[in-house]
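So the structure is just underneath, and the comments pick up after that.
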Amino acid sequence: MPAVAGVLSDSPCRLELPLTHALSSRSPLRQRFRPLWWLGIVYIAICFVTRIVLLVMSGSNVAPNPLHWLYAFGVGLGYDLITFLYLAWPMVLFLWLVPTRRAPVAGVGRWALYLAGMAALYAACLGLLFLLWHVHLHESWPILAVFLFFLPMPALAYNRPSGQWGLYVLGLALLYGLLFVAASELVFWNEFSVRFNFIAVDYLVYTTEVIGNIRESYPIGTWLALLVVLALVVFVLSRRGLRARDDGSRLWQRARVPLVWLVLTVASVAGVNGEMKDRTANNYVNELAGNGIYQFFAAFRSSHLDYKKFYRSLPDDEAFKLIRQQLKQPNATFTSDDPRDLTRAIRATGPEKHLNVVLISVESLSGDYLGTFGNKQGLTPFLDSLVGKSIFFDNLYANGTRTVRGLEALSLSVPPTPGDSLVREKNNEDLFSLASIFNQRGYQSEFVYGGYGYFDNMNYFFSHNGYKTVDRSAIPKDMPIHSQNVWGVADEDLYTLALSQMDQIHAEGKPFFLHIMTTSNHRPYTYPADRVKWQAPSRPGAVAYTDWSIGDFIKRARAKPYFADTVFVITADHCASSAGKTSIPINRYHIPLWIYAPKQFKPQRVEELMGQLDIPPTLLGLLDFSYRTRFFGKDVFQETPGQGHALPGTYEKLGYLRGDTLSILEPRKRLEQLKPDFATGDATPVVPVKQDQVDTAIAYYQVASDLYKHGGLALQPGDKTKVEPLPAPAGTAAAPAAAASTARP
């Protein structure tokens, strides 16, 4: 905005002068574009107030340091001004295109011809979008918004009442939109402690669930009404800045302003990016220095990040060599000398145990909710009691901060590739999955979800990768529903659905593998009454209800004839919060894992560091499966003590945790290496950098991205090749849970 100040005004501060004097002392061009100053000042004021509120909401996470405040508000102002270049385009176009004295289209005949032409142009644009990018009608609403913006312009004349009212309506609409975005940012920050990011982009795609969640969580009607009142008050008090006046400018003269605006917009896109603000050690300060609108569109552009283009890389042969070395284990043998083939034959000792498996990924079950890990609220009495009856893993870390990242790790055992999850990517069919291994042994594999599985592409992904999908639509109409919200039915009702599937498969004489995904521990935190002492809606109550419903499920399953032959694997999809002072606060990735089968496995606690992608091979190892695999995860019981690792990440920051070192790969080939505090998530830089861990991190993410891009993660005919088990040592019996616990290095 400052760069075009000379074109727009000699003295923007003179908005308070009487309008007649201000206009008479300016050229027609300056008169015409004067409303841009109104929009700019109002927008910067809203951004300033929003940043103050977010700073207050950050609390003690931002120390009362004037340097932090100066950075947040100074850098933030720069991002606000750049964002203004984008969001002011509707007004720039309006001020440029609306004629001065006479509307160009008048009369029924001309209007009919104009509307027909606009409709034909709109249809042609839709057809072109479909031919080039297969964009369907329901995905093209932004194009409709553009056409609706231009539709009334031929009826307006700038110096006539029609032009003045058109300018008022546009200004009021932009003002309300800016206030709405600011309020939305406050809600988003309250949930995630960040500006808009890729989560917000995802939410825009699934408007039914997101709007429903907001309506059930907040008094949205009251808030929207208050925003209307606030917008009207601000508009009435400042409307003088929107007075239309033009003493004779021509279209070609006015074109100078949009031309300059276009040059500045293109320059900002080329020269500025969302990571430039990330220059302090405190992630909260970095986020405050950003701009929500700018960050939203930056995240939208980052939904498909080509690894080699944006991140540090190694020569391909070196990266594959490193990964093959990492995947070596005593029971694993590579099936090929091809240096880029990760296929291994896993040979167990003794016969396979074709037990039923129920894998429960619990929504947002952070480790710090458990009494086992020090929580004093008594939220999880059943799960805490299960620790001493299960194989319990103390040092497990999630792949990411979204449900799809957990589902990706538990089904495919892959690192969290940058950009979108593979669950939502294109060409994600027929991949080598955990279900494919079970299906080769005659199992019935199902993904059971309490909501509608079209959300996050879950039904499509699972149904094309070896699972039968069973979601909310499969619930019989006569089945009692104790509680439900926009995300799904109450967990106890989900488990009732799962039990009916287990009964049916067992009656058919097949073993079953069920992956159950819960929803109750998600905002708006509703659940049936009289289950826990906390009254809904309540986050502690939702956690307690999650615990109660798992206990109730195990109790009901214990009465089934197949209980003794069933393994229950209980873990989380991700933690309840991802916010922290560092870009990957490691305490926000700590999740629990129980493997409970009292008739099959002896209880023990495993302290080895592991990642969420290690769960599938560890489970298969406990079942003594001998099989072919291209999983990136490893059986923790076959791991050398002290060599465990995890791969936590966001949609663009890729972590590798080993020992006391966290390496983080970032876009534009940036790198952080930190020594994290596992209790608080804080971290200090590692100096000098441990290059071997950096190279290993690069290799994992580079190879995973390369294999997916070139079809290397797909099922192959040789995957069904039977793998013979190792002979059991003379005089011994297989003991799947007999490996000794190891401490975190």
Side-chain angles (χ1 to χ4, degrees), residues 43-80 83 177-203 210 213-220 222-224 226-227 230-231 234 274 277-296 298-299 364 366 368-369 401-402 522-525 537-540 542-543 574-585 587-588 650 680-682:
Y43 171 64
I44 296 301
I46 291 173
C47 290
F48 181 77
V49 173
T50 301
R51 200 166 275 112
I52 289 177
V53 176
L54 295 181
L55 176 61
V56 173
M57 292 173 66
S58 301
S60 60
N61 291 303
V62 179
N65 185 338
L67 292 178
H68 283 166
W69 302 338
L70 181 63
Y71 185 88
F73 284 87
V75 175
L77 177 60
Y79 275 100
D80 295 342
T83 305
L178 293 174
L179 291 172
F180 179 83
V181 169
S184 301
E185 276 211 81
L186 302 183
V187 173
F188 195 81
W189 186 280
N190 182 60
E191 183 74 13
F192 302 105
S193 296
V194 292
R195 295 280 195 169
F196 290 145
N197 59 14
F198 195 64
I199 298 174
V201 177
D202 279 354
Y203 280 4
V210 173
N213 181 42
I214 293 172
R215 290 178 62 186
E216 293 173 352
S217 303
Y218 304 100
I220 190 65
T222 301
W223 288 7
L224 292 176
L226 289 175
L227 287 178
L230 180 59
V234 173
K277 63 181 174 52
D278 300 333
R279 292 293 185 267
T280 76
N282 189 317
N283 197 56
Y284 283 89
V285 176
N286 294 336
E287 289 293 332
L288 287 170
N291 177 282
I293 298 173
Y294 185 94
Q295 296 300 121
F296 176 87
S364 304
S366 300
D368 56 13
Y369 286 138
T401 60
R402 294 290 318 282
H522 192 294
R523 189 180 296 275
Y525 311 128
S538 161
R539 185 58 187 264
V543 177
H574 56 81
C575 281
S577 173
S578 59
K581 294 181 181 179
T582 58
S583 56
I584 297 183
N587 63 319
R588 301 299 191 184
T650 68
T680 66
D682 294 346

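Side-chain contact between Pro540 and Tyr369 is absent, with no heavy atoms from C-beta onward closer than 4.5 Å. Contact check for Trp189 versus Leu288: side-chain heavy atoms found under the 4.5 Å cut-off. In this structure, the side chains of Ser583 and Thr650 stay at 4.5 Å or more apart for every pair of heavy atoms. Here the side chains of Val543 and Tyr525 are not in contact, with every heavy-atom distance at 4.5 Å or above. A 4.5 Å side-chain heavy-atom check between Ser364 and Arg523 finds every atom pair outside the cut-off.
The minimum heavy-atom distance linking Asn291 with Tyr79 is given by the pair CB-CB, 4.0 Å. Taking every heavy atom of both residues into account, Pro64 and Trp69 meet most closely at CA-CZ2, 3.5 Å. Residues Ile293 and Phe196 approach most closely at N-CD1, 4.5 Å, considering heavy atoms. The two atoms that bring Pro537 and Pro524 nearest to each other are CB-O, 3.1 Å, heavy atoms only. Considering every non-hydrogen atom in both Pro585 and Ser578, the closest pair reads CG-O, 3.5 Å.
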Only pairs under 3.5 Å count here: list side-chain donor-acceptor contacts from residues 277-285, not counting sequence neighbours, and write none if there are none.
residue: Arg279; atom: NH1; partner: Glu275; partner atom: O; Å: 3.4
residue: Thr280; atom: OG1; partner: Asn282; partner atom: N; Å: 3.3
residue: Thr280; atom: OG1; partner: Asn282; partner atom: O; Å: 3.0
residue: Thr280; atom: OG1; partner: Asn286; partner atom: OD1; Å: 2.8
residue: Asn282; atom: OD1; partner: Tyr284; partner atom: N; Å: 2.8
residue: Asn282; atom: OD1; partner: Val285; partner atom: N; Å: 3.4
residue: Asn282; atom: ND2; partner: Asn61; partner atom: O; Å: 2.8

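From Phe48, atom CZ reaches atom CD1 of Ile46 across 13.5 Å, with rounding to the nearest 0.5 Å. Note that CG of Leu186 and CH2 of Trp223 are 8.5 Å apart. Values are rounded to the nearest 0.5 Å. Separating the CG atom in Leu178 from the SG atom in Cys47 is a distance of 7.5 Å, to the nearest 0.5 Å. The CG atom of Asn190 sits 13.0 Å away from the CD atom of Glu185 when rounded to the nearest 0.5 Å. Taken to the nearest 0.5 Å, the CD1 atom of Ile44 stands 8.5 Å off from the OG1 atom of Thr83. For the atom pair OG of Ser193 and CZ of Arg588, the computed distance is 8.0 Å after rounding to the nearest 0.5 Å.
Side-chain atoms of Glu287 come within 3.5 Å of backbone N or O of Arg195 as a donor-acceptor pair. Without hydrogens or angle criteria, Arg51 side chain to Gly290 main chain gives a donor-acceptor distance under 3.5 Å. At least one donor-acceptor pair under 3.5 Å links the side chain of Thr582 to the backbone N or O of Gly681. In this structure a side-chain-to-backbone donor-acceptor pair under 3.5 Å is missing from Thr50 to Ala182. In this structure a side-chain-to-backbone donor-acceptor pair under 3.5 Å is present from Ser577 to Ala579.
Remark: Phe73 CZ is packed, more than 12 non-hydrogen atoms of other residues, nucleotides or ligands lying under 6.0 Å away.
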